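Report on the structure given below.
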There are 2 protein chains.
Amino acid sequence: MPQDSLAPTTGYRLEEQVGFVLRRAQQRHLSIFAASIPELTPTQFAALAKLCELEQASQNALGRATAMDAATIKGVIDRLRVRGLVEVRPDAADQRRVAVAPTAEGRRLFDALAPRARRITDDTLAPLTAPERHMFLALLEKLA
Amino acid sequence: MPQDSLAPTTGYRLEEQVGFVLRRAQQRHLSIFAASIPELTPTQFAALAKLCELEQASQNALGRATAMDAATIKGVIDRLRVRGLVEVRPDAADQRRVAVAPTAEGRRLFDALAPRARRITDDTLAPLTAPERHMFLALLEKLA
DNA sequence: GCACCATCGTTTGTACACCAACAAGTTCCG
DNA sequence: CGGAACTTGTTGGTGTACAAACGATGGTGC
């Protein structure tokens, strides 16, 4: 190995791959979230937030609105339900569906947490200047 | 509700939060990865790639190099070991450590997959122009 | 009507991801 | 030397995330 740079034949650099950096950025964000809002996971908060906005939704519809798999949203709703934050009842019009809605306590918690949640976006973007943040969000949106 | 825009008192918009967009971007990336490299998960590939670069590492050291928890890297190594892609032996100098190294087959697979892996970064960034990609990667790096 | 197909929710299985607690080994320091 | 502090790997538990298969229901077209 005469050279400084190893990387045998391929020259593949893990650190330069989007996926790897994306994953580390998310790790940092999740850690910020957990520190700011220990009451709920980011996923649970997203589901509760969307539900408070929609007032009411079927389980799968809520999953689509929050970019969650049917199997994933089920677990999330279950945990929110056990904690008394959302309520579930059969849909009269369509017997396949269950209608999910936030409870009064769920709304209260969301209202209390929303300011903190908005702050988390700022904290996550803290390493960037204001114009950089807008640029970053615009580009990220294109990738999502 | 006289207005079009609901969002009761808070005006919280899930779609504008970094965490949510970040998560969707990652989802898209993971789906591209799985389509391009069905043989391994992104995490497994990252571990194998780093191991091929380092030639050899302790389990925890490899975890740090790939931004994985000790508990996480254990499972990843286990699965790679079962598939004959990496090898594990006790470290003579430090009896706590296990030395992990890629097998010949692990190296072969990595060499075969590396070009595809590099392409995944391009595919993920496809919605962006060349200058946008550099800008995005630079900003993302700051957040990671 | 009725077969066909889509949708809804559920279950099972695999794979991260992280926390907390633990035992065994190593290092540091007085 | 000898004990405190740290590191290494392991385990158990919780929580996403997705694929695949399933039963039940709903809609569609003939």
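We name chains A, B, ... by the order of the sequence lines, and we start the count at 1 in each one. Because the structure is a prediction, the values reported are computed rather than measured.
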Under a 4.0 Å N-O cut-off, is there an ion pair linking B:Glu16 with A:Arg118? no

In short, salt bridge (charged side-chain N to carboxylate O under 4.0 Å, His left out) pairs touching residues 129-144 of chain A with sequence neighbours left out are A:Glu132-B:Lys142, A:Glu141-B:Arg24, A:Lys142-B:Glu132

Listed by chain and number, what are the side chain to side chain contact (heavy atoms under 4.5 Å, CB included) partners of B:Thr103, not counting sequence neighbours? B:Glu87, B:Glu105

Pairs where residues 57-70 of chain B contributes a residue and the test side chain to side chain donor-acceptor pair (under 3.5 Å) is met, not counting sequence neighbours: none

If you restrict it to nitrogen or oxygen atoms, what contacts under 3.5 Å exist between nucleotides 13-20 of chain D and the protein, and what is each distance?
{"from": "D:dT16", "atom 1": "OP1", "to": "A:Thr41", "atom 2": "OG1", "distance (Å)": "2.6"}
{"from": "D:dT16", "atom 1": "OP1", "to": "A:Thr43", "atom 2": "OG1", "distance (Å)": "3.2"}
{"from": "D:dT16", "atom 1": "OP2", "to": "A:Gln44", "atom 2": "NE2", "distance (Å)": "2.8"}
{"from": "D:dT16", "atom 1": "OP2", "to": "A:Arg79", "atom 2": "NE", "distance (Å)": "3.0"}
{"from": "D:dT16", "atom 1": "OP2", "to": "A:Arg79", "atom 2": "NH2", "distance (Å)": "3.4"}
{"from": "D:dT16", "atom 1": "O5'", "to": "A:Arg79", "atom 2": "NH2", "distance (Å)": "3.3"}
{"from": "D:dA17", "atom 1": "OP1", "to": "B:Arg23", "atom 2": "NE", "distance (Å)": "3.4"}
{"from": "D:dA17", "atom 1": "OP2", "to": "B:Arg23", "atom 2": "NE", "distance (Å)": "2.8"}
{"from": "D:dA17", "atom 1": "OP2", "to": "B:Arg23", "atom 2": "NH2", "distance (Å)": "3.4"}

Hey, where on DNA chain C does chain A first and last touch, going 5' to 3'? Cut-off is any atom under 4.0 Å from a heavy atom. C:dA6 to C:dC18

Please report, to 0.1 Å, the donor-acceptor pairs under 3.5 Å made by any side chain of residues 43-52 of chain B, with sequence neighbours excluded.
{"from": "B:Gln44", "atom 1": "OE1", "to": "B:Thr41", "atom 2": "N", "distance (Å)": "3.4"}
{"from": "B:Lys50", "atom 1": "NZ", "to": "A:Glu15", "atom 2": "OE2", "distance (Å)": "2.3"}
{"from": "B:Lys50", "atom 1": "NZ", "to": "B:Glu53", "atom 2": "OE1", "distance (Å)": "3.4"}

Run the ring pair (Phe, Tyr, Trp, His ring centres under 6.0 Å) test against A:Phe136 and tell me which residues pass, sequence neighbours left out. B:Phe136

Ring pair (Phe, Tyr, Trp, His ring centres under 6.0 Å): which pairs involve residues 72-91 of chain A, sequence neighbours left out? none

Which is more 5' along DNA chain D, the nucleotide nearest B:Lys74 or the one nearest B:Arg64? Just name the residue. B:Arg64

Touch check for A:Ser31, heavy atoms < 4.0 angstrom, all strands: base, sugar-phosphate only, or nothing? nothing

Please tabulate, for the side chains in residues 73-81 of chain B, all donor-acceptor contacts under 3.5 angstrom to protein atoms that are two or more places apart in sequence or on a different chain.
{"from": "B:Lys74", "atom 1": "NZ", "to": "B:Asp78", "atom 2": "OD2", "distance (Å)": "2.9"}
{"from": "B:Asp78", "atom 1": "OD1", "to": "B:Arg81", "atom 2": "NH2", "distance (Å)": "3.3"}

In the hydrophobic cluster built from side-chain contacts under 4.5 Å, what are the other members alongside A:Leu30? none

Got a sec? Which of residues 89-101 of chain B come in under 4.0 Å of DNA chain C, heavy atoms? B:Ala93, B:Asp94, B:Gln95, B:Arg96

Restricting to pairs with a member in residues 88-103 of chain B, which pass salt bridge (charged side-chain N to carboxylate O under 4.0 Å, His left out), not counting sequence neighbours? B:Asp94-B:Arg96, B:Asp94-B:Arg97

